[in-house]
Amino acid sequence: MKKKNVTRKELAISVNEKLGVSQRNAAEIVDTVFATMKNTMVAGESIKLVQFGTLTVRDKSPRRGRNPRTGESMTITKRQMVSFRPSKRLRERLNACE
């Protein structure tokens with residue numbers, strides 16, 4: 001069975017149903033939350049969402065890698081990535097569903 005992804009539109013519908021705001025305002029709320037999260041992470045700061053988890057920006061060092069198509073050795077440049085660590089409560093709920 002294929003897993004389904006939740007879209008921004010579905011999040012906006014959920015906000016609309018829970019808060020009773022218009023569909024347009026709900027979409028703006030969702031977009032504002034994501035824009036704030038994005039700007040925070042671009043600034044290099046972490047985001048801690050209580051009872052959900054923590055999003056952190058990590059620096060990855062350059063390393064040697066291999067092109068899977070050609071097998072040629074290459075250097076993967078240094079970069080930043082987002083790492084998510086779920087809260088203890090979220091981990092417990094995820095593992096209780098098994």
Side-chain angles (χ1 to χ4, degrees):
M1 184 173 165
K2 188 174 182 178
K3 301 264 182 178
K4 183 179 173 240
N5 293 323
V6 176
T7 64
R8 284 177 31 218
K9 184 176 182 177
E10 291 170 333
L11 290 172
I13 290 169
S14 180
V15 169
N16 166 264
E17 291 171 355
K18 294 278 185 184
L19 300 180
V21 297
S22 71
Q23 194 84 32
R24 176 176 281 159
N25 287 344
E28 287 179 22
I29 290 169
V30 171
D31 289 342
T32 301
V33 168
F34 284 124
T36 303
M37 291 174 70
K38 182 170 53 173
N39 292 336
T40 301
M41 288 187 285
V42 166
E45 299 175 37
S46 295
I47 299 172
K48 183 173 183 175
L49 303 170
V50 177
Q51 298 181 9
F52 184 72
T54 304
L55 293 156
T56 55
V57 178
R58 290 186 19 206
D59 291 322
K60 298 279 282 191
S61 300
R63 61 186 172 92
R64 298 295 299 161
R66 190 171 301 279
N67 182 332
R69 201 173 279 170
T70 64
E72 179 183 341
S73 182
M74 57 188 280
T75 300
I76 300 171
T77 59
K78 72 176 186 172
R79 62 199 184 283
Q80 290 185 316
M81 64 172 285
V82 176
S83 175
F84 176 71
R85 179 179 163 89
S87 69
K88 182 179 177 185
R89 180 172 283 177
L90 179 58
R91 280 194 314 268
E92 288 170 352
R93 291 206 49 202
L94 288 171
N95 291 322
C97 295
E98 293 178 1

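Any value given below was found using the heavy atoms of this structure, including those in side chains, with hydrogens, waters and symmetry copies removed.
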Practice problem: Decide whether Met37 and Met81 are clustered together by the hydrophobic rule: side chain heavy atoms of Ile, Leu, Val, Met, Phe, Trp, Tyr closer than 4.5 Å, transitively. | Solution: no
Quiz item: Of all heavy-atom pairs between Asp31 and Arg8, which one has the smallest distance, and what is that distance?
Solution: OD1-NH2, 2.7 Å
Quiz item: Under 3.5 Å, is there a donor-acceptor pair between the side chain of Thr40 and the main chain of Thr36?
Solution: yes
Quiz item: What distance do Thr77 atom OG1 and Met74 atom CE have between them, rounded to the nearest 0.5 Å?
Solution: 8.5 Å
Quiz item: Mind checking whether Glu45 and Val57 have side chains closer than 4.5 Å, heavy atoms only?
Solution: no
Quiz item: How many angstroms lie between atom NZ of Lys88 and atom CZ of Arg93, to the nearest 0.5 angstrom?
Solution: 15.5 Å
Quiz item: Are Leu55 and Phe52 linked, directly or through other ILVMFWY residues, by side chains that come within less than 4.5 angstrom of each other?
Solution: yes
Exercise. Drop me the distance from Ser61's OG to Ile76's CD1, to the nearest 0.5 angstrom.
Key: 12.0 Å
Quiz item: With no hydrogens and no angle check, is any side-chain donor or acceptor of Asn16 less than 3.5 Å from a backbone partner on Ala12?
Solution: no
Exercise. Return yes when atom CZ of Phe84 has more than 12 non-hydrogen atoms of other residues, nucleotides or ligands closer than 6.0 Å, and no otherwise.
Key: yes
Practice problem: Determine whether more than 12 heavy atoms belonging to other residues, nucleotides or ligands lie under 6.0 Å from atom CZ of Arg85. | Solution: no
Quiz item: Do Val6 and Leu90 belong together in a cluster built from hydrophobic side chains that touch within less than 4.5 Å?
Solution: yes
Quiz item: Donor-acceptor pair, Arg91 side chain versus Pro86 backbone, under 3.5 Å?
Solution: yes
Quiz item: Side-chain heavy atoms under 4.5 angstrom apart, residues restricted to Ile, Leu, Val, Met, Phe, Trp, Tyr: same cluster for Leu11 and Val15?
Solution: yes
Quiz item: Given Ser73 and Arg64, is the side-chain hydrogen bond (donor to acceptor under 3.5 Å, both in side chains) satisfied, shown in steps?
Solution: CA-CA 7 Å; Ser73 182; Arg64 298 295 299 161; 2.6 Å; yes
Quiz item: Under a 4.0 Å N-O cut-off, is there an ion pair linking Asp59 with Lys78?
Solution: no
Quiz item: Mind checking whether Leu49 and Val30 sit in one hydrophobic cluster, side chains of I, L, V, M, F, W, Y counted as touching below 4.5 Å?
Solution: yes
Quiz item: Hey, what do you get for CD (Glu72) to CZ (Arg66), rounding to the nearest 0.5 Å?
Solution: 9.5 Å
